[in-house]
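Note that the numbering runs from 1 along the sequence shown for the chain.
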Amino acid sequence: MAGLNQVEEKQIRLPGGAEIHYLVGGAEAGPAVVLLHGGGTDHALLSWREAIPVLLANGYRVYAPSYPGYGESPMDGKPSTLEHLEDVLAELMDAWGLMQAT
């Protein structure tokens, strides 16, 4: 089974100013899956550590970002409203070249 060692850790600065740490791995031509974590002390790896290897083993291209202020993504000075997090996700998908994802 594919493991977390097949996932790259990356960081990107988005046009809106957020600096996002994310995990990415899997077949580039595979169906894209974007894994979003919860709130509190959560972050991408904490939420999805067990699911990522299963998805990779089944041919998916996995993207798992940590929102601003979570995990290794620094706060961006904006409130964590649903609207702001949706904007961050839209900017990420643009940066990743994804028109759609599960």
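For Ser73 (side chain) and Ser66 (main-chain N/O), a donor-acceptor pair under 3.5 Å exists by modelled atom type. Side chain of Gln6 to main chain of Gly26: no donor-acceptor pair is present (N/O by atom type, distance under 3.5 Å, no hydrogens or angles). For His37 (side chain) and Tyr67 (main-chain N/O), a donor-acceptor pair under 3.5 Å exists by modelled atom type. Under a 3.5 Å cut-off, the side chain of Lys78 and the backbone N or O of Gly16 do form a donor-acceptor pair.
By the 6.0 Å contact criterion, OH on Tyr63 is enclosed, its count of non-hydrogen atoms from other residues, nucleotides or ligands being greater than 12.
Side-chain contact check for His21 versus Lys10: every heavy-atom pair is 4.5 Å or farther apart. For the pair Leu55/Trp48, no side-chain contact is recorded, criterion being any heavy-atom separation below 4.5 Å from C-beta on. Contact of the Pro31 side chain with the Thr102 side chain is not registered, since no non-hydrogen atoms from C-beta on lie closer than 4.5 Å. Using a 4.5 Å heavy-atom cutoff, the side chains of Leu35 and Ser47 are not in contact. At a threshold of 4.5 Å between non-hydrogen side-chain atoms, the residues Val34 and Pro65 count as touching. For the pair Leu14 and Leu92, the minimum side-chain heavy-atom distance is below 4.5 Å.
Closest approach of Ser80 and Pro68 over heavy atoms only: OG-O, 4.3 Å. Of all the heavy atoms in Leu98 and Ala101, the pair that sits closest is CD1-CB, 4.4 Å.
Residues in residues 15-40 take part in these salt bridge (charged side-chain N to carboxylate O under 4.0 Å, His left out) pairs, two or more places apart or across chains: Arg13-Glu19.
Residues Glu72 and His43 bring no donor and acceptor atom of their side chains to less than 3.5 Å of each other.
Residue Met93 is grouped with residue Leu36 when hydrophobic side chains (ILVMFWY) are merged at heavy-atom distances under 4.5 angstrom, including chains of intermediate members. Linking ILVMFWY residues whenever their side-chain heavy atoms come closer than 4.5 Å, directly or via other members, leaves Val88 and Leu45 in distinct clusters. No path of Ile, Leu, Val, Met, Phe, Trp and Tyr side chains, each step under 4.5 Å between heavy atoms, connects Leu85 with Leu23, placing them in separate hydrophobic clusters. Val24 is not connected to Tyr60 by any chain of hydrophobic side-chain contacts under 4.5 Å among Ile, Leu, Val, Met, Phe, Trp and Tyr, and they are in different clusters. Both Tyr70 and Leu89 belong to a single network of hydrophobic side chains, linked directly or stepwise wherever heavy atoms of I, L, V, M, F, W or Y lie under 4.5 Å apart.
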Under the criterion side-chain contact (heavy atoms from CB on, under 4.5 Å), I'd like the reasoning laid out for Val7 against Leu56: C-alpha separation, chi angles, the key distance, then a yes or no. CA-CA 9 Å; Val7 175; Leu56 295 176; 3.6 Å; yes
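In this structure, CD in Glu8 is found 8.0 Å from OH in Tyr22, a value given to the nearest 0.5 Å. The line from CG of Asp87 to NE2 of His84 is 7.5 Å long, rounded to the nearest 0.5 Å.
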